[in-house]
Amino acid sequence: MYNLRHLGLYKNVPKKRLFDPTPNYERDSYSLLQYKSHLRNEFLIPLKADGNGTGVATIYLQSTESQTINITGAGRFYTNAQGTTGESTSAVVGTSLTPLYVKLNEGSCYLVLTKADKLSGLGSSSVNVITEATNAPIINGCNLGYNLPNIINIRLAANTKSFFTGSIDNCHNLTSLNINGNLLSVITGSIDSCPSLAYVLISGNKLCALIGSIDSCPNLIWLNTSGNTLSNISGDIGKAIFCNFFNCDGNTSPLTYVTRRSNWTSSVWIIHISSSLMTTEMVDNLFIDIDSSGVPAANGNRINVNGLCAPVSDASLAARNSLVTKGYILVYNNA
Amino acid sequence: MKIQLKDGTAVIKKEIPKFKSFSLEIFQKIENSIPFKIIFNKSVVAHFNFTGSINFNLDLNETVNELSIETDKSILEIEINFFENEFIEGA
């Protein structure tokens, strides 16, 4: 009986190596570190130095319980926004939105949250996760592809050097995703995975590709995919009874109006839909129902159902004229 | 472009390159708001009440070859200008 050793072929057989789960932040790739972090219930935020590294970035995080956050490599935390006091390699993220003052002289490093499952906010509903500054570090493509069961807010609503990647599929408690105007983030996944979503704002971003149905998000308040062509979000806007802002300008998500909604009582900001599934009956009913609900025109006061939507019919003529006298701006396909 | 209206209507057959917004102005004094319909290529209707000068975001993503106006008979002349950029609301 010959074995590989006898045949002289053993040199070609890869040796078994034991997997070392200890992260090596200097040597391991980000993807390997992500895997190792996942095993340790840690969450990594990669940072990269920018400019001459003398500036201080403020990073805002929130947790459902206080947790330690460490910074690797040359990165340092400070206790003031000037980066002059309390230099440290660890800090605490509290249960309220916590600003972390971070400096990185050169290269890259990681913020290491020690309880990934307790992270609730990458920013808040009104505060971006990072305030960039001249010569301060940036978030260098933070991947959301972890199990982040308690993440509620992800906000980076500015055209920053910082950006996020990855899927929201593991963010089951996500309530607000706001990257309006952020051109670099590439976020994927299905809103079906996030039934608590109330705010979906990816306006101006051309790289995100979200899918799913708004029918899965009964708490939806705000949907803005304006300028984003890759996302494909379906569902019945009649079921989104809390939503008064559907802005899909430039996006052809296949939305419908099947369930007639009589409670357009909160002020309608904008309805802008270009959907091949919107039939003439749906378009007519939308105008008729908004008009009969008595909701006054306010704020954006635009109802735009041209593009791929079917044309109107005479059935909605009176409603359209009535809405215009109330101050609405209507755009639709002619009969 | 300035457009003369007759009985509150006008049809302009002229190529208008792709635009993302337009403005509308009326130079005569108006007492009340005036309902307006601007119809692009016989198909897309912008329908609104005119109360003063208006800036309007509308990205048709197509060249307009025909423009129709329908408004009150008292309106004799309007000016519409088309822009390649969106009007920034609140600016």
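Both backbone and side-chain heavy atoms feed into the values below; hydrogens, waters and symmetry mates do not.
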In terms of heavy-atom proximity below 4.5 Å to chain B, should N333(A) be classed as side chain, backbone, both, or neither? both
Does [X] have more than 12 heavy atoms from other residues, nucleotides or ligands lying within 6.0 Å of its [atom1]?
X	atom1	value
E84(B)	CD	no
E281(A)	CD	no
Y199(A)	OH	no

Contact origin within F36(B) toward chain A - heavy atom pairs under 4.5 Å: neither
Please check if any side-chain donor atom of [X] sits under 3.5 Å from a side-chain acceptor atom of [Y], or the reverse.
X	Y	value
N182(A)	T160(A)	yes
N251(A)	S253(A)	yes
T9(B)	D7(B)	no

If the contact rule is any heavy atom under 4.5 Å from chain A, which residues of residues 37-47 of chain B qualify, in numerical order? K37(B), I39(B), K42(B), S43(B), V44(B), V45(B), A46(B), H47(B)
Quick check on the interface: out of D249(A), N321(A), N301(A), who has the most heavy-atom pairs with chain B under 4.5 Å? N321(A)
Tell me, with the steps shown, if E132(A) and S162(A) meet side-chain hydrogen bond (donor to acceptor under 3.5 Å, both in side chains). CA-CA 8 Å; E132(A) 293 183 344; S162(A) 298; 2.6 Å; yes
